[in-house]
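Numbers restart at 1 for each chain; the letters A, B, ... are given by sequence-line order, proteins then strands.
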Number of protein chains: 2
Amino acid sequence: MTSFKEKKVISIGIVSELTGLTLRKIRYYEERGLLAPGRTEKGVRKYSFADVETLMKIAEKREEGVQTAEIKEKLTKESNRRKIRDEMIKGQINAQFRMRK
Amino acid sequence: MTSFKEKKVISIGIVSELTGLTLRKIRYYEERGLLAPGRTEKGVRKYSFADVETLMKIAEKREEGVQTAEIKEKLTKESNRRKIRDEMIKGQINAQFRMRK
DNA sequence: CGTGTAAGGAATTCTGACACG
DNA sequence: CGTGTAAGGAATTCTGACACG
């Protein structure tokens, strides 16, 4: 269910290596609301592989000169689409169960 | 190819939370050769989700009183089986390619 | 707006060793 | 054998701010 890809377990230094982004940039994109890493009790940021992928998309867009505000919109829309899709799948599964009764 | 699950990106503190094992135990199992985390250039240990799963298996066995040496054997055998299986799959895929030519 | 950097402090991890057994 | 712990040091991360623009 909560797959590996979504688990917030990677610290920012490793994320930096994985994405090629500086710590400053990674923190800034969070500040601007483009992604939401987890935090340990002591306040240390933790990222998932999904976050790393998001950051790679952000990096591409930034290279194209796209501003963070626009990127944020695009990301929000994408996550909404994902949400709707997942709900539809859930609905289908539930429908299947009802059929079988 | 190099899937998320195998990537060495998790630090020992998080692994401890994920597995319920103390840092001491996690390091000791490594010392005994039951698993091989990666290291950053500075020497900080980094684990994969696969390592985390291995540690959970180790924890179970230890609770049953199995010694680390025995657990190590079992793990080695398992990884050999995995290796053989993967090679067979690779062989099959190659065979498919040859058929198509 | 987006990013770099120096600053001071806090949290994390590392190793080798002693302890118990 | 397997694990805890205290010890000292090194590496990592955090925040807020100044800089440039």
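Using a 4.0 Å heavy-atom distance criterion, B:R62 is classed as a sugar-phosphate-only contact.
Other residues, nucleotides and ligands contribute more than 12 heavy atoms inside 6.0 Å of the NZ atom of B:K8.
Between A:K61 and A:E70 the shortest side-chain heavy-atom distance does not fall below 4.5 Å.
At whole-Å resolution of the value, CD in A:E17 and P in D:dT13 are 9 Å apart. What separates CG of B:L23 from C1' of C:dC14 is a distance of 11 Å, to the nearest Å. If you take CD of A:E63 and P of C:dG2, they are 15 Å apart, rounded to a whole angstrom. Atom CD1 in A:I14 sits roughly 9 Å away from atom P in D:dT12 (whole-Å rounding). Atoms CD1 (B:I26) and C1' (C:dC14) sit 14 Å apart, rounded to a whole Å. In this structure, A:E31 atom CD and C:dT3 atom C1' are separated by 11 Å, rounded to whole Å. Straight-line distance from the CD atom of A:Q67 to the C1' atom of C:dT3: 14 Å, rounded to whole Å. Atom CD of B:E41 is separated from atom P of C:dT13 by 16 Å (rounded to the nearest Å).
A donor-acceptor contact closer than 3.5 angstrom links the side chains of B:D51 and B:S48.
In this model, the phosphate group of C:dT12 is not approached by any side-chain N or O of B:S11 to a distance below 4.0 Å at OP1 or OP2. The phosphate of C:dG2 (OP1 or OP2) has no side-chain N or O of A:Y29 nearer than 4.0 angstrom. OP1 and OP2 of C:dT3 both lie 4.0 Å or more from every side-chain N or O belonging to A:T22. The shortest distance between the side-chain N/O atoms of A:Y28 and the OP1/OP2 oxygens of C:dG2 is below 4.0 Å. Contact between the side-chain N/O atoms of B:R45 and the OP1/OP2 oxygens of C:dC14 is found at a separation under 4.0 Å. For the OP1/OP2 pair of C:dA10 and a distance below 4.0 Å, the side-chain nitrogens and oxygens of A:K42 include no atom meeting the criterion. Distances shorter than 4.0 Å separate none of the side-chain N or O atoms of A:R24 from OP1 or OP2 on D:dT13. B:R39 has a side-chain polar atom (N or O) that falls below the 4.0 Å cut-off from OP1 or OP2 of C:dT15.
Heavy-atom distances to DNA chain C give each of A:A69 and B:K46 a nearest nucleotide, and the one nearer the 5′ end belongs to A:A69.
Salt bridge status for A:R39 with A:E30: present, with a side-chain N to carboxylate O gap under 4.0 Å.
A continuous path of ILVMFWY side-chain contacts below 4.5 Å connects B:V52 to A:F49, so both sit in one hydrophobic cluster. In this structure, A:V44 is not a member of the same hydrophobic cluster as B:Y47, with clusters built from ILVMFWY side-chain heavy atoms closer than 4.5 Å.
Here C:dT13 is the nucleotide among C:dT13, C:dG2, C:dT3 with the atom lying nearest to any side-chain atom of B:R27.
With a cut-off of 3.5 Å on both Watson-Crick or G-U wobble distances, the partner of D:dA19 is given as C:dT3. Using the Watson-Crick or G-U wobble rule with both distances under 3.5 Å, C:dG8 pairs with D:dC14.
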